[in-house]
Amino acid sequence: MIKAFINKNQIIVSIVLPWILLCLFLNIKYYQDGDINALSRYAAMRAMSMEGTFQIDEVKWSMDWSQAENGHYYSNKAPGPMLVGFPVFWLIDHIKLLVDKKFEKDYRRKETLGYEHKVLLPLLFQVIPMCLLVFFIARYLYNTGVSPIAITFMTVAILFGNTASLLMTTWFGHSFAACLVLGLILCILYKKWILSGLLLGLAILSDYSVGLFIPGLIIYLSQTKQLKSQVLVNIIIGGIFPGILWLWYHWTSFGGPFSLPNMYQNPKFGGDSIARQFHFIPIPYFMLVLLFGDERGLLFTQPWVLVIIGVGLYYLWQKRFDNQQRALFSVAIVTFILLLIMNAAFTGWHGGSTPGPRYLSVILPLFGVLTALAYEKLSPMVRHILWIGLAVSVVFGGLVYGTTILAFEYFTIWTWLLDYLRDGKGDILRIVIYFLSFAAVTVYAFKVNMGVTKKDIYN
């Protein structure tokens, strides 16, 4: 039994580890600054670190602010990444206090944010957690009979083939929330309900739209016959700590538990009223552009997601999934639809300068897991289309890697990034490194998959 356990883990490591090492290699030294979005959170963390307050009056480094009724300025972002990442940020700042005599006088300048802040925080709270989650999800899937090639697809899709993966090296917060959602799914699969409640609460605290995950979770519990009082109680117990953080932050900063930063944000971004920031009903044009448009749409940035959503809807209708597959697809698709409706009703539907539909990004990695689960049920033609779609996403990711995540919102995204590169603003060497290293790992992974498949057959 022990030998079988070791062999299984060795197989999982051989399938997943090359991609994890590639992800770490590409992301450890490299980061994308994130400009005004990330600066808003960094400003709040600097105020917390050096002044013991959430108020950014003295460090208002970007346009992304909210002015509360008390007249003070705060970050207009959900506070989860700031609160979770604060101990590391505080430690960095106080080491700088010890080694740099000018820092105490200059800390209000955004130039004092260094490589150590902008690389270490995303690395510790986004890149490494995402890699670990991929490993543990891969182990779960392999133990349930999912094939190595399906696990490989999932690994590449999560680490390189979606908007959340492109934002992993910046402190936008969306990749952090996406990690929490993936962790939540893993805990649900293992029926760790208290931990599920903790991760769900932290995810909502990090990206308010994750609250739209709750209807899907209820559907999952209902379909798997786990909608029981004890399960719900354990989820609520797990959510107590994030709930306390929610109350503390919003009451301290904005005067009430449901006083969100969006209600007081810079009028430049749609006004200081939620009603001014959202249309009463979603705009069909925005919905179509988010799905199929060349400015931000899934079709042009991660087409494999559209394929698996389409297949999932068809298979749900045809009742081709087993009970757990049906429940997981229901969670993902219901949450995706709710996020899409919310996004299409938002006046800033495009998400500003980003490499894809960032308000949908929190749920996108989950479709990598679903593809792996459904892989054996798919026809060869659908599998080929999925791989082609993933290849498009990987190539797009290489272009973003060598240019910028801050793609302008009102142009065809591929054209804009290529023009950015042609104008000498990108880094050709970085793109070459990306594709050469990706090609090398692809060749190695193909050999590993062939070897693992043969071993499974003979065993």
Side-chain angles (χ1 to χ4, degrees), residues 34 37-45 48 54 64 66 74-89 117 120-130 132-133 158 162-188 195-214 216-217 235 238-254 257-263 265 335-336 338-339 342-343 346 351-352 354 357-366:
N37 188 305
L39 279 174
S40 179
R41 284 196 173 91
Y42 285 133
M45 295 170 83
M48 292 160 64
F54 297 130
D64 278 7
S66 294
Y74 300 86
S75 170
N76 69 345
K77 308 300 179 189
M82 299 182 290
L83 297 175
V84 174
F86 171 67
V88 173
F89 193 97
H117 297 99
L120 196 57
L121 284 168
L123 180 66
L124 291 178
F125 296 102
Q126 294 178 167
V127 179
I128 292 177
M130 192 70 86
L132 290 173
L133 282 166
I158 292 176
N162 66 90
T163 303
S165 69
L166 300 181
L167 298 176
M168 275 203 294
T169 56
T170 190
W171 204 231
F172 267 32
H174 297 291
S175 294
F176 180 72
C179 285
L180 292 169
V181 170
L182 268 188
L184 168 61
I185 291 298
L186 186 62
C187 290
I188 288 171
L195 190 53
S196 295
L198 173 65
L199 294 177
L200 177 60
L202 288 174
I204 295 173
L205 191 65
S206 302
D207 187 333
Y208 298 131
S209 65
V210 177
L212 298 174
F213 188 90
I214 294 175
L217 176 58
I235 291 174
I240 289 175
F241 176 65
I244 291 171
L245 291 179
W246 176 290
L247 292 172
W248 174 49
Y249 179 81
H250 292 95
W251 225 314
T252 301
S253 301
F254 302 104
F258 303 109
S259 297
L260 304 183
N262 313 64
M263 299 165 64
Q265 74 172 353
T335 305
F336 176 82
L338 292 175
L339 286 170
M342 178 276 295
N343 199 163
F346 184 41
T354 55
R358 71 183 179 99
Y359 298 129
L360 302 178
S361 62
V362 69
I363 197 67
L364 299 179
L366 177 54

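Along the sequence shown, residues are numbered consecutively beginning with 1. Values in this document were obtained by computation on a predicted structure and should not be read as measured data.
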* Would you mind telling me which of V210, L360, L364 makes a side chain to side chain contact (heavy atoms under 4.5 Å, CB included) with L339? => L360

* So I185 and F213, side chain to side chain contact (heavy atoms under 4.5 Å, CB included) or not? Walk me through it. -> CA-CA 11 Å; I185 291 298; F213 188 90; 3.8 Å; yes

Below 3.5 Å, can you tabulate the donor-acceptor pairs from side chains in residues 239-250 to any protein atom, sequence neighbours excluded?
unit_1	atom_1	unit_2	atom_2	d
W246	NE1	P257	O	2.6
H250	ND1	W246	O	2.9
H250	NE2	Y208	OH	2.7

* Pairwise distance CG(L186) to CG(L132) - rounded to 0.5 angstrom -> 11.0 Å

* How are the rings of W171 and F176 set relative to one another: parallel (under 30°), tilted (30 to 60°) or perpendicular (over 60°)? -> tilted

* Which heavy atom in A78 sits nearest to a heavy atom in L205, and how many Å separate them? -> CB-O, 3.3 Å

* Looking only at atom types and distance, does a side-chain atom of S175 sit under 3.5 Å from a main-chain N or O of S165, one as donor and one as acceptor? -> no

* Could you pull out all residues at least two apart from D64 that satisfy salt bridge (charged side-chain N to carboxylate O under 4.0 Å, His left out)? => K77

* To do: State the CD1-CG distance between I128 and L123, to the nearest 0.5 angstrom.
  => 4.0 Å

* Calculate, to the nearest 0.5 Å, the distance between atoms CG and CD1 belonging to L217 and I188 respectively. => 5.0 Å

* **From CA spacing to verdict: side chain to side chain contact (heavy atoms under 4.5 Å, CB included), T170, Q126** => CA-CA 9 Å; T170 190; Q126 294 178 167; 5.8 Å; no

* Under the ring-ring contact (aromatic ring centres under 6.0 Å, His included) rule, collect the residues that match up with Y74, sequence neighbours excluded. => F254

* To do: Quick one: do R358 and N37 satisfy side chain to side chain contact (heavy atoms under 4.5 Å, CB included)? Show the steps, please.
  => CA-CA 12 Å; R358 71 183 179 99; N37 188 305; 3.3 Å; yes

* Structure fact -> When rounded to the nearest 0.5 Å, the distance separating CD1 of I363 from CG of N162 is 11.0 Å

* To do: Could you walk me through whether T354 and H174 pass side chain to side chain contact (heavy atoms under 4.5 Å, CB included), step by step?
  => CA-CA 11 Å; T354 55; H174 297 291; over 6 Å; no

* Point-to-point distance, once rounded to the nearest 0.5 Å, from CG of L200 to CG of L195 -> 11.0 Å

* Asked: Which pair of non-hydrogen atoms, one from P261 and one from S66, has the smallest distance, and what is that distance?
  -> O-OG, 2.7 Å

* Asked: Rounded to the nearest 0.5 Å, how far apart are CD1 of I204 and CG of L199?
  -> 11.5 Å

